[in-house]
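Worksheet: the structure to be examined is printed underneath.
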Amino acid sequence: MLVAGAILLADHGAWAQANAEAPPQGTEWWYVMRARANMKIGNYRAAIESYEKAVELNPVNREALKQLGVANEKQGLTTKAIESYDRYLARFDDDPDIAFKQADFLGWERYAYRRTDAIRYYRMGLAEREDITRRHALARLLAQDRSQLSQALDEYRKLLAAQPDEANWRAEYRELLLWDPSHLDEAIREYRRHEAERPNDYEVERTLAEMIARKNPKSDEAAQRYAALVAKRPNDAKLRIHYAEILASDPRKRERALSAYREAVNRTPEPAVRESFADLLSASERDRTEAVTQYGVLVRARPNDVGVRLKLARLLSAHREDSQVAIAEYERVLAREPRNAEAHGGLSQAYAWLGDRDQALYHSNLSIRYGAEARANAKLRGDLLSGRERRVGPILRGFVQEGGSKTELGGVALSARGRGDLTPFLSLGIEVGFEDFSRSGDDKAAGFFELDAEYRLNPEQRIEFGLAYHSFTESGRDVLGRIAFASTPGDETEGGALRWRVGFERTLRFDSYTALVGEEIRDPATGRSQKIGAAREHRFFALVERSGSRISGSLEPYVGWVGARGISANPFIGVRGELKARLATLGVFELSPFYRANLLHYRDDEFGVDPLINDPAPGGYFSPELFVEQVPGLALEGRWGERHELSIEGGPAAQFVKDGGGNVRFELGGQARLAYLFALRDSIHWSFETSFTRIGDAYTRGEAKTSLMFEF
């Protein structure tokens with residue numbers, strides 16, 4: 001203010017001097033004096049020209065800058081006046097009159113693009129002099145931009161502090177408070193005051209109820225206010241829906257909320273209202289059936305509404321007995337949105353309910369691929385993958401067989417095996433290794449490769465496939481294989497599950513070195529060499545098994561032939577079976593007696609009447625005309641802790657043998673087996689298995705196998 005006063009005194013002195021003594025023509029003050037004279041007579045055009053000359057000579061001449069704007073304004077040149085005031089106020093910001101004038105100009109709609117400058121000039125003027133009308137104008141300008149809401153509210157608070165009873169200002173202030181939730185408490189206070197001023201005003205009551213519900217929808221006051229509003233306007237569908245939503249937010253008011261929703265649905269059966277009603281119903285098991293009904297109405301009315309159909313499917317899949325219906329709903333969703341992660345996740349859960357682990361894993365994988373979080377499916381996936389982990393590890397096998405020169409055989413094999421799921425439906429196992437077999441004076445080392453696969457058509461049916469190669473011979477005799485179809489349905493009767501399996505397999509015969517590897521013999525009469533043996537069995541089989549709570553049994557008829565070098569194919573037919581019963585529980589073990597029987601007939605005896613004869617028959621495999629075996633025995637099976645499993649079984653065998661020479665003999669043999677599994681860690685398992693088999697005087701075989709498997 002001191003500076004401004006000094007400038008004014010200086011200008012006044014200059015003016016007095018100019019009046020006392022006329023300044024030289026063409027100077028700054030000469031033009032100012034001419035402009036003053038023209039302003040007095042209303043010649044604003046000439047005044048503008050003179051003020052412009054003065055400003056050219058001295059850009060900081062306060063009087064010239066200010067009056068140039070005034071002259072343009074009086075001449076009707078508003079735009080030029082605004083430009084002149086801008087220049088003036090840029091130099092001199094202590095003139096509230098011009099600042100307010102300029103702000104008023106820029107507040108016009110035609111100058112909306114200069115709203116920010118209008119605000120700045122109002123603030124400039126108010127900094128020098130309070131003007132309640134201009135402060136209100138400033139507040140209104142600020143209120144046009146939501147980002148300046150806090151500033152606008154500050155200005156309104158100043159206005160109301162000066163004139164608290166100004167109704168229009170307070171109304172504008174209330175409206176602004178509703179813009180931002182951060183001002184909700186203050187808005188509620190203002191509307192409570194307004195309600196007291198205008199009792200029974202429905203709109204005021206409704207706005208206040210909405211705010212109270214927004215602050216705390218569970219509050220009793222919110223529910224009471226909406227109840228009163230509904231009583232006043234019972235046909236207001238939107239109001240009734242809001243009332244139901246308020247009640248639904250508080251579990252204590254759930255029954256009232258359901259009643260309100262039923263009334264709303266009856267009055268206004270709009271899809272959105274029905275969906276909210278169904279959502280509330282679905283939260284309680286007690287109301288699940290009604291929720292399914294409501295969702296059903298919606299999907300029939302809006303078959304393409306994926307969101308509602310997902311809700312229906314989700315509700316259905318929560319119950320095992322409704323899993324099939326849920327699957328159908330999820331499939332309809334995927335028909336429209338094949339990449340819907342939630343639908344795939346729901347199908348995974350539904351198929352898991354039904355025991356279809358393959359489909360469950362398939363859809364779980366797709367759910368994650370299309371955006372679902374793996375953590376959300378972690379437990380289910382863990383259950384589905386249990387027992388189907390990928391495995392890899394070394395295996396060592398060995399066996400010794402005795403029975404005279406014909407059946408003497410020993411062998412060892414070292415290999416590596418891996419197994420895992422290529423897809424949720426296809427499991428694949430591969431084993432590669434080295435093996436060596438020998439007898440007195442003979443030895444054969446070979447490599448081998450085995451591939452086995454299982455493709456599951458559904459939880460109850462699967463196709464099995466196997467392919468193997470052993471490099472014993474130079475011909476294709478060492479190509480082996482297996483193919484089978486299996487059905488393993490769940491429990492269908494009180495007697496337990498009936499499972500069956502049919503297939504064909506080509507396998508090695510381990511009856512002797514000749515049968516396994518083959519050999520070359522010389523005919524004494526002709527001196528010619530001949531390759532014999534290398535017998536390979538071809539078997540068609542059908543296996544039927546039934547397991548109950550205490551008794552289980554199996555029956556396997558089979559038919560096929562054995563082919564060996566040097567002789568024609570030898571057909572066979574047979575049947576074997578087992579009956580097993582759980583007898584007792586001994587601590588962690590179960591004791592089960594069993595009975596096994598085997599009946600087998602070969603057309604030709606290619607083994608030899610006497611196994612001690614040095615010269616083998618061309619086949620070298622045990623092939624009596626008739627073989628009957630009965631094995632009564634006991635099995636002991638158990639598991640203790642989380643890491644140990646043990647199985648022991650065995651029994652004597654009563655055998656009836658009729659060889660190719662018509663000789664009949666009764667012999668004693670037997671079977672025994674021990675298997676032990678130890679989990680070194682959750683993902684590392686060591687196993688050991690050994691078995692013993694005696695076929696009368698033909699041969700006695702002992703086998704052992706150990707492996708170390710890593711799961712990942």
Side-chain angles (χ1 to χ4, degrees), residues 387-403 407-420 427-454 466-473 478-482 505-513 515-518 534 536-537 636-639 643-650 670-695 699-712:
R388 298 179 62 169
E389 298 84 359
R390 289 171 289 183
R391 297 180 177 89
V392 64
I395 302 174
L396 177 63
R397 300 182 183 89
F399 81 93
V400 176
Q401 184 169 285
E402 298 291 342
T407 56
E408 178 187 344
L409 180 63
V412 64
L414 178 63
S415 63
R417 178 173 175 78
R419 185 174 179 83
S427 298
L428 186 68
I430 299 176
E431 185 174 349
V432 180
F434 167 84
E435 56 192 352
D436 184 86
F437 297 96
S438 63
R439 69 177 177 185
S440 299
D442 295 294
D443 183 84
K444 180 64 176 179
F448 70 92
F449 167 84
E450 294 184 0
L451 171 71
D452 66 90
E454 178 183 272
L467 182 66
Y469 175 76
H470 296 255
S471 60
F472 292 128
T473 68
D478 296 333
V479 177
L480 310 173
R482 170 179 55 87
E505 59 184 358
R506 172 184 165 95
T507 59
L508 299 171
R509 290 294 296 253
F510 289 84
D511 305 73
S512 67
Y513 185 86
L516 179 63
V517 177
R536 304 295 180 252
E537 180 177 302
L636 190 67
E637 299 173 307
R639 177 173 183 170
R643 300 185 179 276
H644 303 273
E645 292 183 22
L646 179 66
S647 175
I648 303 173
E649 63 179 41
Q671 299 176 1
R673 176 179 170 274
L674 180 147
Y676 173 67
L677 175 67
F678 175 53
L680 299 171
R681 293 185 178 178
D682 291 341
S683 58
I684 305 177
H685 297 83
W686 172 71
S687 66
F688 175 77
E689 181 178 347
T690 183
S691 63
F692 164 85
T693 305
R694 179 177 175 82
I695 305 295
Y699 60 78
T700 301
R701 179 187 300 161
E703 300 180 62
K705 171 186 171 183
T706 184
S707 66
L708 186 65
M709 286 292 156
F710 299 84
E711 295 180 352
F712 59 96

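Values below: every heavy atom of this structure, side chains too, minus hydrogens, waters and symmetry copies.
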Over all heavy atoms of both residues, which pair between [X] and [Y] is shortest? Give the atoms and the distance, please.
{"X": "F712", "Y": "F710", "answer": "CD2-O, 3.9 Å"}
{"X": "H685", "Y": "A679", "answer": "CD2-CB, 3.7 Å"}
{"X": "R390", "Y": "G420", "answer": "CG-CA, 3.8 Å"}
{"X": "D511", "Y": "Q401", "answer": "O-NE2, 2.7 Å"}
{"X": "S647", "Y": "E637", "answer": "OG-CG, 3.7 Å"}
{"X": "W686", "Y": "S707", "answer": "CD1-O, 3.2 Å"}

So do the side chains of [X] and [Y] get within less than 4.5 Å of each other, counting heavy atoms only?
{"X": "V412", "Y": "L396", "result": "yes"}
{"X": "R417", "Y": "I430", "result": "no"}
{"X": "T700", "Y": "V400", "result": "no"}

Inter-residue atom distance [X].[atom1] - [Y].[atom2], 0.5 Å rounding:
{"X": "S471", "Y": "E435", "atom1": "OG", "atom2": "CD", "result": "7.0 Å"}
{"X": "F449", "Y": "Y469", "atom1": "CZ", "atom2": "OH", "result": "12.5 Å"}
{"X": "T407", "Y": "E402", "atom1": "OG1", "atom2": "CD", "result": "7.5 Å"}
{"X": "F472", "Y": "F448", "atom1": "CZ", "atom2": "CZ", "result": "9.0 Å"}
{"X": "H644", "Y": "R639", "atom1": "NE2", "atom2": "CZ", "result": "10.5 Å"}
{"X": "E645", "Y": "S687", "atom1": "CD", "atom2": "OG", "result": "10.5 Å"}

Expected output: side-chain [X] to main-chain [Y] donor-acceptor under 3.5 Å:
{"X": "R419", "Y": "A453", "result": "no"}
{"X": "D478", "Y": "T473", "result": "yes"}
{"X": "R701", "Y": "F510", "result": "yes"}

Quiz item: Under the side-chain contact (heavy atoms from CB on, under 4.5 Å) criterion, do D452 and R482 qualify, and how do the steps go?
Solution: CA-CA 8 Å; D452 66 90; R482 170 179 55 87; 3.7 Å; yes
Quiz prompt | Note: E703-R397 ion pair, threshold 4.0 Å (strictly below) | solution =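 The answer is no: the pair does not qualify as a salt bridge.
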Quiz item: More than 12 heavy atoms of other residues, nucleotides or ligands under 6.0 Å from CZ of R643: is that the case?
Solution: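 It does: R643 CZ has more than 12 such atoms within range.
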